[in-house]
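Since the structure is predicted, the reported quantities are computational estimates derived from the model, not experimental observations.
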Number of protein chains: 2
Amino acid sequence: MELTERQKQILGAIVDIYVSTAEPVGSKAIAALPDVKYSSATIRNEMAELTQMGLLEQPHTSAGRIPSPAGYRLYIDELMQDYRLSLDETRTLSQALELKSQEFDKMMSQVGKLVSKMTNLPAYTVATRQNEAVAKHFDLLMTAPGSIILVLMLSGDVVKNKLVKLPVHVTEQELKLLAAVLNASLTDLTAEQVTGELLEKITRSAGSAAPLVPLVLDFTLECLRQQHGDVHLTGQMRLLGQPEYRDAAEKAQEVFETLDEEMLTNLPAVLPKDGPVQFLVGPENVARELKDTSVVMMRFDIGDGMQGMIGVVGPTRMDYAKITAKLGYFAENLGRMFQKSTPNPPPVLPEGSENEE
Amino acid sequence: MELTERQKQILGAIVDIYVSTAEPVGSKAIAALPDVKYSSATIRNEMAELTQMGLLEQPHTSAGRIPSPAGYRLYIDELMQDYRLSLDETRTLSQALELKSQEFDKMMSQVGKLVSKMTNLPAYTVATRQNEAVAKHFDLLMTAPGSIILVLMLSGDVVKNKLVKLPVHVTEQELKLLAAVLNASLTDLTAEQVTGELLEKITRSAGSAAPLVPLVLDFTLECLRQQHGDVHLTGQMRLLGQPEYRDAAEKAQEVFETLDEEMLTNLPAVLPKDGPVQFLVGPENVARELKDTSVVMMRFDIGDGMQGMIGVVGPTRMDYAKITAKLGYFAENLGRMFQKSTPNPPPVLPEGSENEE
DNA sequence: ATTGGCACTCAGAGGGAAAGAGTGCTAAGC
DNA sequence: GCTTAGCACTCTTTCCCTCTGAGTGCCAAT
């Protein structure tokens with residue numbers, strides 16, 4: 001069942017209007033649009049049909065129409081216009097991207113804050129590995145007798161560290177030795193390649209630093225197995241700015257709770273691995289609490305087998321085009337930033353940038 | 001002006017009731033309490049007086065009374081009963097404290113999540129330095145040609161790292177040399193003690209790794225100057241569970257925004273340095289947006305000149321006694337955990353633990 | 001095929017009226 | 001002289017009713 005051109009136009013218009021007003025759209029409003037040549041009656045007939053097809057919904061008999069989840073899906077897949085960032089928006093974004101490059105994790109959380117601010121929606125960021133992690137370098141530093149800091153460098157320029165306190169005494173010499181052993185035998189191995197045999201061998205070579213070995217190994221394995229870094233979620237409260245949550249503190253709270261728990265741990269796994277942009281519309285979502293809530297996410301390459309993900313969470317009625325554009329701009333520039341390694345802001349403006357909000 | 005015993009009892013009762021119902025308290029409700037021997041009329045007279053003294057407030061003429069900020073303050077300072085954790089509560093808390101000791105920063109954020117969950121309020125955690133930070137150890141690791149990771153260990157067992165990308169080529173040898181120079185000349189110095197002179201000396205000794213020096217130094221100084229670690233704020237949404245924010249999404253949003261920005265950066269500075277527990281009641285607060293919002297915070301010692309802070313944010317009408325007790329328990333046990341360094345949960349039950357919610 | 005017209009529906013706004021909770025004050029009681 | 005019962009008064013909250021208006025569906029005319 002194919003839609004006619006007119007039906008597409010009407011569906012598109014309804015989504016566009018509803019997205020910015022959050023109110024059901026009536027036939028008159030459509031008819032009043034400059035490039036609509038038909039009367040409200042015609043529109044009404046078409047709307048009735050679109051409703052029957054399941055693309056529109058009617059909150060109650062005497063209200064206008066709102067897009068159904070299927071309607072959104074169709075809109076996203078076929079009708080959505082590329083939104084061009086306005087000059088103002090690009091400027092703000094470019095400025096925003098001039099982050100002091102800090103520690104990596106902090107930067108991701110910074111990026112999240114920015115995305116949230118720019119979209120006025122809750123945003124999350126994650127860094128995930130694309131391939132198996134391996135250890136690249138071990139370092140053992142003594143801070144006080146019995147107090148040792150283990151610094152572990154992984155592939156992808158990720159550095160982890162952990163404070164280890166040992167009751168037994170270990171000399172600097174022995175630490176150096178152990179570090180050398182670890183660097184010799186444990187680097188460039190994935191979690192699976194670390195066998196019990198290997199562990200024994202290391203323990204034997206470790207001398208009196210042997211009690212340290214299991215602690216180091218546990219930590220190392222834990223780090224290697226971690227498929228993705230911390231998930232940063234910020235700006236949850238911005239969801240309250242959306243009309244659908246205005247006076248529904250309860251609903252908002254539910255969404256937040258789900259976001260906090262389920263989503264953050266599962267989301268990276270749930271999302272399909274391919275394609276840069278993903279949309280999860282309402283009921284397509286994992287958790288039932290999120291049925292009126294949608295997710296837009298975008299991947300970008302960090303290099304070294306790492307991949308960043310930025311996304312926003314919002315009401316199903318959100319301005320997908322605009323948000324995709326903003327996320328895209330972020331992702332593109334972040335990717336570029338990481339690619340050419342020097343932490344300079346990439347001031348690349350998208351062409352055609354004088355349309356406004 | 002001293003309060004009579006009866007006035008104290010009435011004020012205390014009003015706070016207690018208001019704290020759990022969030023509704024103005026009438027004279028009848030007080031008179032109905034088991035250990036109140038006076039009629040509602042008498043209570044009314046006393047309430048009128050307390051109102052005149054500025055300890056109570058009346059939302060409107062025909063409503064009951066609620067405590068004024070001054071009333072809360074007096075309650076906290078003089079009337080508050082020690083809340084004893086119930087057996088159930090201690091059990092839950094003890095379980096909760098069995099954290100896998102992870103990287104320090106992550107642990108603080110974990111603690112925040114727990115505190116928030118236990119109190120059902122937004123919670124924040126920070127680690128602050130008590131004295132000047134100094135660098136303890138430098139490490140430079142080459143990951144790829146031109147790509148170097150700087151690992152910096154500070155006093156207080158804090159480890160920071162940063163990825164530095166350099167266009168010039170530096171050999172492993174030169175890196176080792178530079179690290180040695182840094183370790184020799186830059187450790188155990190506070191930020192002020194790092195002079196331009198010293199910088200020059202280091203640059204001279206660095207050989208062809210000299211271009212690295214300013215990058216390393218900037219980062220080091222940045223770390224040294226950082227008085228406190230990341231402020232973790234979690235569970236913001238729980239504020240919505242409080243009746244005063246139920247249908248006031250707007251207000252909640254304002255609070256959140258303020259929390260996010262102002263508070264998180266200023267709070268550690270604003271709070272007085274002494275005493276383990278601090279209360280900031282409503283208008284005593286920094287930001288105007290938080291005038292109906294109060295903060296309870298508690299310090300605990302981490303050792304090595306570091307201090308942890310945990311706190312919650314809630315409506316001014318909150319159960320200070322209960323929250324203080326919970327925070328106290330957390331703080332005490334966290335302190336103990338850090339003290340005796342082995343990451344075991346300390347299962348110390350407070351005496352007398354069979355009262356309930 | 002499109003459109004103007006019209007009857008119909010239904011959510012939401014507005015406006016009292018009634019209910020209910022609580023007060024302050026007065027006068028009686030211990 | 002403190003305490004208390006009683007009562008008139010105040011003011012918010014709730015409920016119900018009506019009215020309005022936006023929007024629909026359908027029919028007949030173009």
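Protein atom CD1 of B/I43 is 14 Å distant from nucleotide atom C1' of C/dG22, rounded to whole Å. Taking atom CD on A/E57 and atom P on D/dG23, their separation rounds to 18 Å, with Å as the unit. Atom NZ in A/K28 sits about 12 Å away from atom C1' in C/dG5, given to the nearest Å. In this structure, the CD atom of A/E23 is 13 Å from the C1' atom of D/dG23, given to the nearest Å. In this structure, the CE atom of A/M47 is 16 Å from the C1' atom of C/dT3, given to the nearest Å. Taking atom CD1 of A/I30 as the reference point, atom P of D/dA22 lies 17 Å away to the nearest angstrom. Between the CD1 atom of B/I10 and the P atom of C/dT23 there is a distance of 12 Å, given to the nearest Å. Taking atom CD of residue B/E46 and atom P of nucleotide C/dG24, one finds them 12 Å apart after rounding to whole Å.
Nucleic acid contact for B/S40: none, since no nucleic acid atom lies under 4.0 Å from a heavy atom of the residue. Within the 4.0 angstrom heavy-atom criterion, base atoms lie near B/A41. Residue-level contact check: B/T61 touches the backbone only, with heavy atoms under 4.0 Å from sugar-phosphate atoms and none from bases.
Within the 4.5 Å cutoff, side-chain heavy atoms of A/Q242 are placed close to those of A/R317. Within the 4.5 Å cutoff, no side-chain heavy atoms of A/R65 are placed close to those of A/V25.
The side-chain contact (heavy atoms from CB on, under 4.5 Å) test with A/I14 singles out one residue from A/I10, A/I17, A/D16, and that residue is A/I10.
Remark: the A/R65 side chain and the D/dG25 base include no donor-acceptor N/O pair separated by less than 3.5 Å.
Comparing D/dT3, C/dC10, C/dT3 by their nearest atom to the side chain of A/N45 picks out C/dT3. Nearest to the side chain of B/R6, among C/dA11, D/dT3, C/dT23, sits D/dT3. Considering only side-chain atoms of A/R44, the nucleotide from D/dG6, D/dT4, C/dG5 that sits closest is C/dG5.
In terms of position on DNA chain D, the residue among B/S62 and B/T42 whose nearest nucleotide sits closer to the 5' end is B/T42.
Using modelled atom types, no side-chain atom of B/Q81 and backbone atom of B/G12 make a donor-acceptor pair closer than 3.5 Å.
Side-chain contact annotation: B/S294 with B/Y72, donor-acceptor N/O pair under 3.5 Å absent.
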